[in-house]
Amino acid sequence: GGMAKRGKSAEAATSTAPPPSPSPAIKRKAKPRLEIEGYPVEGISIGGHETCVIFPTLSLAFDIGRCPQRAVAQDFLFISHAHLDHIGGLPMYVATRGLYRLRPPTIFVPKYLRELVERLFDVHRAMDQSELNHTLVPLDIGEEYELRRDLKVRAFKTYHTIPSQGYVIYSVKQKLKQDYLGLPGSEIKRLKLSGVEITNTVTTPEVAFTGDTMSDFILDPDNADVLKAKILVMESTFLDDSVSTEHAREYGHIHLFEFMFHDISRLRITLRSLKTEPFY
Ligand SMILES: [Zn+2]
């Protein structure tokens with residue numbers, strides 16, 4: 001997995017020399033914080049092993065991997081596809097939220113997975129004799145769902161070896177129409193009460209998550225908002241010339257080299273070495 005972003009860099013840099021490294025026994029759990037466009041980002045993405053990308057301030061996780069501890073606190077979960085490194089921790093996610101008496105989570109899955117996921121939970125309920133409370137939302141490509149009054153999600157098509165989809169999270173804001181800017185509050189209130197539509201709804205793509213995909217999603221005209229999002233979380237399992245672009249495509253993945261052929265000059269790319277450690 002990998003991560004790309006556009007816009008102003010929000011990552012902090014330290015100018016002081018690093019302190020001498022303590023011995024492993026007393027080494028504190030370092031938490032290098034990744035923050036992009038004002039959103040803290042946590043999680044893990046190791047191709048074939050585990051992918052779970054968390055936006056704690058939105059209380060959501062994209063894919064669940066093996067259910068890392070930090071995913072448990074998130075109210076919303078979005079599953080991109082059913083490869084086990086992306087969905088394997090699903091029953092544990094629901095069970096652990098139950099254990100901590102957290103609100104039953106809302107889980108979004110590609111529409112075709114609905115029945116299989118329901119059966120998966122039925123099997124676990126039968127074995128575990130627990131409730132495993134949650135709300136399952138099957139979402140088809142192009143469909144939208146209101147998460148909160150100021151937040152919605154839309155599923156978009158991705159291109160992998162099995163059916164897959166990504167998600168765009170939009171902020172939804174009511175903004176006062178140009179004509180009414182500068183009016184006193186009492187006047188605005190009067191207009192509103194008289195039934196005049198004084199606001200426009202402004203939706204902004206904030207965060208997009210692809211899951212595993214070939215680069216074809218970039219060229220899909222229905223996916224324009226994906227590339228407009230402030231943050232694009234995009235897998236790039238293959239980063240260097242140890243593996244060819246053809247090989248990456250054969251396995252349904254992106255090779256970073258492919259981006260040289262796309263007009264994405266506005267896209268600035270943040271690469272984190274995820275092969276060895278999660279970006280908690
Ligand atoms: Zn996959």
Side-chain angles (χ1 to χ4, degrees), residues 1-4 41-55 60-68 71 74 76-93 107-117 119-120 136-141 153-169 207-220 222-223 226 229 231-240 242-259 269 271-279:
M3 184 158 301
V41 189
E42 300 174 347
I44 182 166
S45 184
I46 303 174
H49 293 265
E50 180 170 25
T51 291
C52 176
V53 177
I54 300 163
F55 287 80
L60 61 83
F62 297 108
D63 288 337
I64 193 62
R66 302 174 181 211
C67 189
Q74 317 309 318
F76 299 103
L77 172 63
F78 302 89
I79 297 291
S80 67
H81 68 296
H83 278 151
L84 272 174
D85 53 327
H86 294 255
I87 203 175
L90 185 57
M92 276 307 291
Y93 166 66
I107 301 162
F108 296 82
V109 296
K111 202 164 194 173
Y112 82 99
L113 279 181
R114 175 194 206 138
E115 212 194 313
L116 288 167
V117 170
R119 273 161 60 193
L120 174 77
L136 191 66
V137 181
L139 206 61
D140 215 351
I141 285 158
V153 64
R154 188 171 66 84
F156 67 93
K157 188 170 167 59
T158 57
Y159 300 79
H160 194 36
T161 52
I162 60 171
S164 62
Q165 67 192 32
Y167 298 92
V168 187
I169 306 293
V207 181
F209 174 82
T210 67
D212 290 351
T213 183
M214 294 189 290
S215 60
D216 304 49
F217 81 94
I218 296 167
L219 300 173
D220 189 330
D222 290 339
N223 290 353
V226 178
I231 304 171
L232 169 60
V233 182
M234 181 190 71
E235 75 111 337
S236 44
T237 299
F238 304 111
L239 303 176
D240 58 28
S242 63
V243 167
S244 70
T245 299
E246 292 71 34
H247 175 98
R249 290 188 66 82
E250 202 174 309
Y251 289 89
H253 289 284
I254 292 176
H255 197 298
L256 198 61
F257 288 175
E258 294 179 78
F259 282 86
I269 294 177
L271 289 175
R272 315 254 322 169
S273 175
L274 305 172
K275 298 281 180 197
T276 49
E277 55 181 343
F279 48 100

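Quick note: numbers below take in every heavy atom, side chains included, and nothing from hydrogens, waters or symmetry partners. Not measured: the values here are computed from a predicted model. All ligand and atom numbering here is 1-based and tracks the order in the structure. Numbering starts at 1 and runs along the sequence shown.
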For [Y], is there any backbone N or O sitting under 3.5 Å from a side-chain donor or acceptor partner on [X]?
{"X": "Asp212", "Y": "His160", "value": "no"}
{"X": "Ser45", "Y": "Thr51", "value": "no"}
{"X": "Asp85", "Y": "Ile46", "value": "no"}
{"X": "Tyr112", "Y": "Asp140", "value": "no"}

Next on the checklist: Below 2.8 Å, can you find an N, O or S atom of His86 next to the Zn ion (ligand 1)?
Outcome noted: no
Checklist entry - N/O/S of Asp212 less than 2.8 Å from the Zn ion (ligand 1)? => result yes
Item to check | Geometry at the Zn ion (ligand 1) - His83 ND1 versus His81 NE2 angle, rounded to 10 degrees | outcome: 90°
